[in-house]
Amino acid sequence: MITMKLPPFFAILLCTSPFWGNAPVTEAIWLNLPPSGTKCVSEELHNNVVVLADYVVVSDDHSSAPTISVKVSSPYGNNLHHKENATHGQFAFTTQEAGNYLACFWADAHNPSKADVSVNLDWKTGIAAKDWETVARKEKIEGVELELKKLEGAVEAIHENLLYLKSRESEMRIVSEKTNSRVAWFSIMSLGVCISVSVLQLWHLKRFFQKKKLI
């Protein structure tokens, strides 16, 4: 199985690190699936992040497009989407667990052609997955006002991620302090054991030499 992380921030694509886990992220990537084997795309997300993705098989022969199977799973292995014999599809969910979300694709065994299968995946998370056209119609906004609304949502998402990173840093600090404390106590216990063994060895040697009347 081949797993790829979504690429970092560029002019169009936005990074997928935890800092941007709920910020506007949109990824359009190509996957070339071998006749046998699996390719996966993963992204680390925290709780309450909206994920929306569309996938479609791209074939030169439009009369008989090959089919694929798709499986999306959560960090704890929960099945979020599973489809077989598909040429296109969509999955959407709101994350309930923090961690690495995995979308795996593989070509179906009954495909007549043994060539690689090309799949286009459009992966959106956070604000990018929001239906802004519906928001604009509902709130009767457009143009600059709509763009400001998007920016407001992005700022709120970044603020939430900062709070998330702060809580993660606090958790990691607590774990680090506990680990350091345990290592310190283990070192003290090891030193105590070494000293005890050395004292016992000296006592044993002293008794041995006394029995032999060497001292």
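We use all heavy atoms of the structure for the numbers below, so side chains are in, but hydrogens, waters and symmetry mates are not.
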Exercise for review: Give the C-alpha distance, both sets of side-chain angles, the deciding distance and a yes or no for side-chain contact (heavy atoms from CB on, under 4.5 Å) between Tyr55 and Val70.
Suggested key: CA-CA 9 Å; Tyr55 56 89; Val70 185; 3.6 Å; yes

Practice item. Return the minimal non-hydrogen interatomic distance between Pro35 and Ala115, and the atom names on each side. Key: CG-O, 4.1 Å

Point to revise | Side-chain donor/acceptor of Ser190 to backbone N/O of Phe186, under 3.5 Å | key: yes

Check your understanding: Do the side-chain N and O atoms of Gln90 and Asp54 include a donor-acceptor pair separated by under 3.5 angstrom?
Key -> yes

Check your understanding: In Å, rounded to the nearest 0.5 Å, how long is the span from CG of Asn100 to OG of Ser42?
Key -> 4.0 Å

Check your understanding: Taking C-beta and beyond as the side chain, do Ser73 and Asn79 meet within less than 4.5 Å on heavy atoms?
Key -> no

**Study point:** Any side-chain heavy-atom pair of Lys39 and Trp106 under 4.5 Å
**Key:** no

Exercise for review: Treat each ILVMFWY residue as a node, draw an edge where side-chain heavy atoms are under 4.5 Å apart, and state whether Phe105 and Ile29 are in one component.
Suggested key: yes

Check your understanding: Is the number of heavy atoms from other residues, nucleotides or ligands under 6.0 Å of Lys83 NZ greater than 12?
Key -> yes

Practice item. Would you kindly say whether Glu84 and Ser69 are connected by a side-chain donor-acceptor distance under 3.5 Å? Key: no

Exercise for review: Let me see the working for Lys206 and Leu202 under side-chain contact (heavy atoms from CB on, under 4.5 Å), right down to the final yes or no.
Suggested key: CA-CA 6 Å; Lys206 183 178 179 181; Leu202 290 173; over 6 Å; no

Review point. Using a distance-only test with no angle check, is there a side-chain donor-acceptor pair under 3.5 angstrom linking Asn32 and Ser118?
Key: yes

**Study point:** Side-chain heavy atoms of His82 within contact of Phe91, under 4.5 Å
**Key:** no

Practice item. State whether a side-chain donor-acceptor pair under 3.5 Å links Thr67 with Asp108. Key: yes

Exercise for review: Answer yes or no: is there a donor N or O on one side and an acceptor on the other, between the side chain of Asn78 and the main chain of Ser74, under 3.5 Å?
Suggested key: no

Review point. Shared ILVMFWY cluster between Tyr101 and Val51, side chains joined below 4.5 angstrom?
Key: yes

**Study point:** Minimum-distance pair of heavy atoms, taken over all atoms of Val57 and Ala86
**Key:** CG2-O, 4.1 Å

Check your understanding: Quick one: does Leu33's side chain get under 4.5 Å of Ile68's, heavy atoms only?
Key -> yes

**Study point:** Non-hydrogen atoms of Thr38 and Cys104 that approach each other most closely
**Key:** CG2-CB, 3.8 Å

**Study point:** Where Ala107 and Pro34 come nearest, the two heavy atoms and their spacing
**Key:** CB-O, 3.8 Å

Check your understanding: Side-chain heavy atoms under 4.5 angstrom apart, residues restricted to Ile, Leu, Val, Met, Phe, Trp, Tyr: same cluster for Val199 and Leu191?
Key -> yes

**Study point:** Nearest-0.5 Å distance, CD of residue Glu169 to OH of residue Tyr164
**Key:** 13.0 Å

Check your understanding: Can you tell me how far the CG atom of Leu80 sits from the OG1 atom of Thr94, to the nearest 0.5 Å?
Key -> 10.5 Å

Exercise for review: Determine the minimum heavy-atom distance between Cys40 and Leu102, stating which atoms define it.
Suggested key: CB-CD1, 3.8 Å

Review point. Can you find a pair of side-chain heavy atoms, one from Val41 and one from Leu121, that are under 4.5 Å apart?
Key: yes

**Study point:** Side-chain heavy-atom pair Lys178, Ile174 within 4.5 angstrom cut-off
**Key:** yes

**Study point:** Close side-chain approach of Leu52 and Trp123, heavy atoms under 4.5 Å
**Key:** no

Practice item. Would you mind reporting whether His46 and Thr95 have side-chain heavy atoms less than 4.5 Å apart? Key: no

**Study point:** Over 12 foreign heavy atoms within 6.0 Å of NE2, His110
**Key:** yes

Review point. Under 3.5 Å, is there a donor-acceptor pair between the side chain of Ser198 and the main chain of Cys194?
Key: yes

Review point. How far apart are the closest heavy atoms of Arg168 and Glu44, and which atoms are they?
Key: NH1-OE2, 4.1 Å

Review point. Thr179 side chain to Val175 main-chain N or O, any donor-acceptor pair under 3.5 Å?
Key: yes

Check your understanding: Backbone N or O of Tyr76 within a donor-acceptor pair of the Glu97 side chain at under 3.5 Å?
Key -> yes

